[in-house]
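As structure tokens, the structure follows; a few thoughts come after it.
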Amino acid sequence: MYAKSGDAVTAMAVFNRIELRNVSSWNAVITLHMQRGEVEEALAQFEEMKQRDVISWNSMIAGYSQRGFDARALILFSEMLEESSLKTDKYTLSSVLSACGNLQELEAGKQVHAYIIRAEFDTSGPAGNALVYMYSKCGGVGMAKKVLEVCGTSTLNVIAFTALLNGYIKLGDIDPARQIFDSLHERDVVAWTAMIVGYAQNGGNNDATELFRSMLEEGLMPNSYTLAAMLRVSSNLASLNHGKQIHATADKLGEVLSVSVSNSLISMYARAGNISCARKSFGLIQRRRDSVSWTSMITGLAQHGHGEEALELFEEKLSLDIKPDHITYVGVLSACTHMGLVEKGRSYFRKMRDVHGIEPTSSHCACMIDLYGRAGLLREAHDFIRSMSIEPDVVAWGSLLASCRVHKNLEVAAMAAERILSIEPDHSGAYSGLANVYSACGKWEEAAKIRRSMKERNVKKEQGISWLQIKSQVHIFGADDALHPQRDAIDLRLGKIWVEIKKMGFVPDTASVLHYLDDELKEQLLKHHSEKLAIAFGLLKTPENSTLTIMKNLRVCNDCHSAIKYISKLAGREIVVRDATHFHHFKDGSCSCRDYW
DNA sequence: ATAGGGTTAG
């Protein structure tokens with residue numbers, strides 16, 4: 001009675017006073033321990049029992065699987081099979097199947113399936129649901145559908161359907177997932193959330209947002225999972241407005257202090273350009289911070305050029321004995337890269353493996369190559385890539401290629417480009433990267449040749465675009481965008497700015513133009529880079545003194561970087577530019593990256 | 001007295 005009514009303490013107290021315990025009360029106690037996550041205590045009771053029935057075993061196996069000890073669940077199951085006096089039932093098998101699903105053990109799952117068929121178990125109900133779950137989790141969506149045909153959709157519950165829906169999402173097949181979602185009669189929060197996550201992961205940001213709205217309309221309460229997923233959508237869009245709305249919703253529902261929501265808020269604010277709000281969210285969870293909270297904050301700070309603070313935070317994390325993982329180290333290494341801290345970066349790279357036992361991944365290696373390359377140590381970068389313990393990938397060679405442009409090294413550049421193309425023949429970055437090195441070296445002919453062969457092979461270059469959000473409207477600009485309806489006003493403003501900043505000492509960096517043209521034409525091209533258009537437009541349309549935030553898909557060029565510094569001073573405005581990798585905060589004539597990026 | 005789905009980081 002006490003166990004059922006949730007009063008675990010009283011239930012245990014009573015249990016301990018019983019001298020002649022029967023199997024049922026033992027079983028109840030095992031379940032109680034499992035519910036409270038006390039796995040070892042449950043096992044101790046289980047081992048102490050002299051007589052164990054099927055339910056005792058089932059409770060242990062189910063409890064293990066529920067608490068994430070799936071491997072232990074399977075081991076216990078095999079021990080159970082050795083006790084010939086016992087017969088497994090549908091509950092045993094469904095727990096075992098879900099453990100197989102969680103462990104992605106397709107083979108073991110198939111064996112259980114075979115057993116179910118041989119023993120002629122009823123697959124309507126728990127066993128059918130569990131089979132669909134197992135196959136969906138193991139990437140066997142086809143088999144899951146077959147099982148579904150046999151056992152019938154009417155007996156399948158929302159849980160199995162959600163697993164199937166997720167199976168499709170994992171394969172990137174969003175449409176069949178949506179079909180399942182639409183066919184569900186009773187959709188609960190979990191099913192809604194799964195679908196929203198599916199969209200958020202596959203670039204369907206608008207679909208996710210729409211779904212979220214209909215969910216609210218139907219009167220369903222989002223929980224911390226849903227909110228975290230929606231904050232991820234805000235991050236994808238890098239939209240502060242969108243993110244603030246979700247934040248407000250979370251506030252209303254009393255979920256802002258849930259760790260997963262806070263973590264998502266930290267990364268959303270960082271990615272949407274507001275690092276101080278990110279700090280606030282991090283501050284609000286103080287002692288409940290988990291490893292992800294720290295990593296999110298460290299990475300956010302590194303992206304915003306606050307490298308020292310990022311490293312201080314990392315040391316604080318270590319001193320609190322919170323283990324860093326491979327993603328934490330990506331943040332740490334990139335913090336070093338963007339401050340040019342070569343020695344520090346090198347020692348952290350060593351520490352990662354020697355102290356924390358984390359094997360370097362391609363991301364870590366790319367960071368190291370970047371670290372050396374940007375600091376002008378092309379030789380070290382090259383040596384590093386040759387000594388890598390894993391096969392260098394496109395990103396690694398890309399980092400090397402990028403540093404060749406700064407250091408005008410044609411030989412290494414050609415080799416790096418070749419390696420990239422041997423891995424990914426249509427990699428546009430390899431072509432443009434190499435062409436850029438040729439241009440930077442003044443070899444216009446060669447550069448043009450590469451651009452031509454790019455065209456012949458129909459390799460599409462990624463177009464640079466910049467965008468900004470004003471109220472709820474997103475304005476997108478391409479380079480030299482003649483199509484914008486307010487183009488004349490933008491041009492006029494840009495013309496004035498150009499004259500003024502030149503008076504202040506700005507010199508257009510014609511070397512940033514990688515085509516063979518005379519200087520005046522080059523200057524025209526530079527003047528109409530997408531981020532400059534976006535900034536001119538932003539200055540026209542937003543209130544004075546407000547911070548202007550611009551997003552860009554590629555990296556900012558040297559000329560724009562220099563021009564924006566002057567513009568921030570001229571207009572007395574803080575300008576934030578998020579490029580492909582980082583945030584630049586321009587204020588009063590200087591940039592937070594200290595011109596190192 | 002027994003099963004079960006979905007989050008967050010680069």
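Fair warning: this is a prediction, and the values are worked out from it, not measured in the lab.
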Side chain of [X], heavy atoms from C-beta onward: which of [options] has the nearest atom to it?
{"X": "A:Thr31", "options": "B:dG10, B:dT2, B:dG6", "result": "B:dT2"}
{"X": "A:Tyr133", "options": "B:dG5, B:dA3, B:dG6", "result": "B:dG5"}
{"X": "A:Asn223", "options": "B:dG10, B:dG6, B:dT7", "result": "B:dG6"}
{"X": "A:Tyr91", "options": "B:dG5, B:dA3, B:dG6", "result": "B:dA3"}
{"X": "A:Ala228", "options": "B:dA3, B:dA9, B:dT8", "result": "B:dT8"}
{"X": "A:Asp89", "options": "B:dT2, B:dA3, B:dG6", "result": "B:dT2"}
{"X": "A:Asn58", "options": "B:dA9, B:dG6, B:dT2", "result": "B:dT2"}
{"X": "A:Ser95", "options": "B:dG6, B:dA3, B:dG10", "result": "B:dA3"}
{"X": "A:Val190", "options": "B:dG5, B:dA9, B:dT2", "result": "B:dG5"}

ask   = Partners of A:Lys110 by salt bridge (Lys or Arg N to Asp or Glu O under 4.0 Å), sequence neighbours excluded?
value =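 Expected list: A:Glu107.
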query = Any chance the side chains of A:Lys317 and A:Ser291 put a donor and an acceptor closer than 3.5 Å?
reply =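 A:Lys317 vs A:Ser291: donor-acceptor pair found between side chains.
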Integer-rounded Å distance: [N] [atom2] and [X] [atom1]:
{"X": "A:Asp325", "N": "B:dG10", "atom1": "CG", "atom2": "C1'", "value": "10 Å"}
{"X": "A:Tyr64", "N": "B:dT2", "atom1": "OH", "atom2": "C1'", "value": "16 Å"}
{"X": "A:Arg232", "N": "B:dG6", "atom1": "CZ", "atom2": "C1'", "value": "13 Å"}
{"X": "A:Leu231", "N": "B:dT8", "atom1": "CG", "atom2": "P", "value": "10 Å"}
{"X": "A:Met80", "N": "B:dT2", "atom1": "CE", "atom2": "P", "value": "15 Å"}
{"X": "A:Asp393", "N": "B:dG10", "atom1": "CG", "atom2": "C1'", "value": "14 Å"}
{"X": "A:His326", "N": "B:dT8", "atom1": "NE2", "atom2": "C1'", "value": "13 Å"}
{"X": "A:His338", "N": "B:dG10", "atom1": "NE2", "atom2": "C1'", "value": "12 Å"}

query = For A:Glu315, does the CD atom sit with more than 12 other heavy atoms under 6.0 Å from it, leaving out its own atoms?
reply =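 Yes, enclosed.
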request  = Mark yes when over 12 heavy atoms from residues, nucleotides or ligands other than A:Glu83 sit less than 6.0 Å from its CD; otherwise mark no.
outcome  =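 For A:Glu83, atom CD is crowded (more than 12 foreign heavy atoms under 6.0 Å).
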task = Could you label the plane-to-plane angle of the A:Trp192 and A:Phe181 rings as parallel, tilted or perpendicular, counting under 30° as parallel and over 60° as perpendicular?
result =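 Because their plane-to-plane angle is over 60°, the rings of A:Trp192 and A:Phe181 count as perpendicular.
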inquiry  = Does B:dG5 have its OP1 or OP2 closer than 4.0 Å to a side-chain nitrogen or oxygen of A:Lys170?
reply    =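 No, no such contact exists.
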query = For the base of B:dT7, is there a side-chain donor-acceptor partner from A:Ser260 under 3.5 Å away?
reply =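 Looking at the base of B:dT7, it does pair with a donor or acceptor on the side chain of A:Ser260 (distance under 3.5 Å).
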query = Roughly how far, to the nearest 0.5 Å, is the CG atom of A:Leu211 from the CE atom of A:Met195?
reply =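 Between atom CE of A:Met195 and atom CG of A:Leu211 there are 6.5 Å.
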message = I need the full list of side-chain hydrogen bond (donor to acceptor under 3.5 Å, both in side chains) pairs touching residues 181-190 of chain A, with sequence neighbours left out, sorted by first then second residue.
response =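 Listed by first then second residue: A:Arg178-A:Asp182.
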key: DNA chain B contacts made by residues 286-304 of chain A, counting heavy atoms under 4.0 Å   =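 Listed by number, they are A:Val292, A:Ser296, A:Thr299.
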